[in-house]
**Student:** 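For reference, the structure I am asking about is given below.
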Amino acid sequence: MLPAAARVRRSADFSAVLKSGRRAGRGPLVVHLLVPPAAGQISTGAQRRAGFVVGRGIGNAVARNRTRRRLRHLVRDRLDALPAGATLIVRALPGSGELSAADLAGHLDSGLRHLTRVSA
């Protein structure tokens with residue numbers, strides 16, 4: 001489970017990341033990353049945050065919640081690898097609910113590698 005301080009909950013925060021952040025689509029996942037400017041505004045201890053968008057295309061409420069829990073578990077282990085102050089949004093597309101944990105992790109890692117390489 002992600003700590004409360006590491007969760008994106010406000011609609012304005014989701015919108016900011018989706019509109020201004022970088023995007024990488026990998027299979028049934030789309031990963032959005034917004035890294036703050038390196039103008040000294042964010043200290044090295046700034047909190048990294050993550051949010052999830054799992055729509056009705058995944059399935060019923062049970063399938064959506066299961067997919068969200070699986071993604072949250074995967075992101076928790078990868079959050080420290082993100083730049084300080086970064087905000088990550090993972091959007092699950094239809095078909096992501098049927099993937100194995102290894103396939104889901106592979107798609108997530110691929111998207112994160114692309115985004116951190118591009119933003120660095």
Side-chain angles (χ1 to χ4, degrees):
M1 180 120 146
L2 288 173
R7 295 183 215 162
V8 177
R9 293 189 174 173
R10 294 181 34 219
S11 177
D13 294 339
F14 276 95
S15 296
V17 175
L18 296 177
K19 289 179 184 175
S20 302
R22 293 188 155 284
R23 177 181 69 211
R26 296 294 185 258
L29 293 179
V30 179
V31 183
H32 300 265
L33 182 67
L34 180 63
V35 179
Q41 298 173 354
I42 303 295
S43 68
T44 57
Q47 183 68 39
R48 296 159 179 93
R49 302 181 317 148
F52 304 92
V53 177
V54 182
R56 289 186 182 173
I58 302 298
N60 62 11
V62 173
R64 291 192 306 269
N65 286 326
R66 182 182 315 119
T67 303
R68 190 176 299 113
R69 282 192 307 270
R70 292 171 71 201
L71 287 171
R72 196 168 43 226
H73 176 74
L74 292 171
V75 168
R76 179 187 63 197
D77 297 334
R78 293 156 176 82
L79 207 55
D80 290 335
L82 297 177
T87 304
L88 174 74
I89 302 294
V90 180
R91 193 164 39 119
L93 300 176
S96 60
E98 291 87 30
L99 289 178
S100 69
D103 289 339
L104 206 56
H107 291 300
L108 179 64
D109 288 337
S110 176
L112 288 174
R113 264 194 314 273
H114 177 75
L115 290 175
T116 53
R117 181 182 65 231
V118 169
S119 66

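Predicted model, so just to flag it, every value in this text is computed and none were measured. What you see below is based on every heavy atom in this structure, not just the backbone, and it leaves out hydrogens, waters and symmetry mates.
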**Student:** Over all heavy atoms of both residues, which pair between Gly111 and Ala24 is shortest? Give the atoms and the distance, please.
**Tutor:** O-CB, 4.0 Å
**Student:** Checking side-chain polar atoms at under 3.5 Å, does Arg117 have a donor or acceptor matched by the opposite partner on His114?
**Tutor:** yes
**Student:** Cluster partners of Val30, using ILVMFWY side-chain heavy atoms under 4.5 angstrom, listed by chain and number?
**Tutor:** Leu93
**Student:** Closest approach of Ala6 and Gln47, non-hydrogen atoms and distance?
**Tutor:** CB-NE2, 3.5 Å
**Student:** Which hydrophobic side chains are connected to Ile89, either touching it within the sub-4.5 Å cutoff or through other members that do?
**Tutor:** Val8, Phe14, Val17, Leu18, Leu34, Val53
**Student:** Which pair of heavy atoms, one from Gly85 and one from Pro36, lies closest together, and at what distance?
**Tutor:** O-CD, 3.3 Å
**Student:** Could you report the tightest heavy-atom contact between Ala105 and Arg78, atom names first, then the distance?
**Tutor:** CB-NH2, 3.6 Å
**Student:** Does any pair with a residue in residues 2-19 pass side-chain hydrogen bond (donor to acceptor under 3.5 Å, both in side chains), and if so which ones, sequence neighbours excluded?
**Tutor:** Asp13-Arg49
**Student:** Are there over 12 heavy-atom neighbours, none belonging to Arg26, within less than 6.0 Å of that residue's CZ?
**Tutor:** yes
**Student:** With Val75, which of Leu82, Leu88, Val31 fulfils side chain to side chain contact (heavy atoms under 4.5 Å, CB included)?
**Tutor:** Leu88
**Student:** Supply the atom-to-atom distance Arg113 CZ to Leu108 CG, rounded to the nearest 0.5 angstrom.
**Tutor:** 10.0 Å
**Student:** What's the spacing between Arg72 CZ and Leu74 CG if we round to 0.5 Å?
**Tutor:** 11.5 Å
**Student:** Set out, in order, the CA-CA distance, both residues' side-chain angles and the distance that settles side chain to side chain donor-acceptor pair (under 3.5 Å) for His73 and Arg76, then state yes or no.
**Tutor:** CA-CA 5 Å; His73 176 74; Arg76 179 187 63 197; 2.8 Å; yes
**Student:** Applying side chain to side chain contact (heavy atoms under 4.5 Å, CB included) between Pro28 and each of Leu99, Thr67, Ile58, report the one that passes.
**Tutor:** Leu99
**Student:** How far apart are the closest heavy atoms of Ser96 and Leu29, and which atoms are they?
**Tutor:** CB-CD2, 4.4 Å
**Student:** Identify the heavy atoms of Arg68 and Phe52 that sit nearest to each other, and give their distance.
**Tutor:** CG-CB, 4.2 Å
**Student:** Find the distance between CG (Leu115) and OG (Ser110) and round it off to the nearest 0.5 Å.
**Tutor:** 9.5 Å
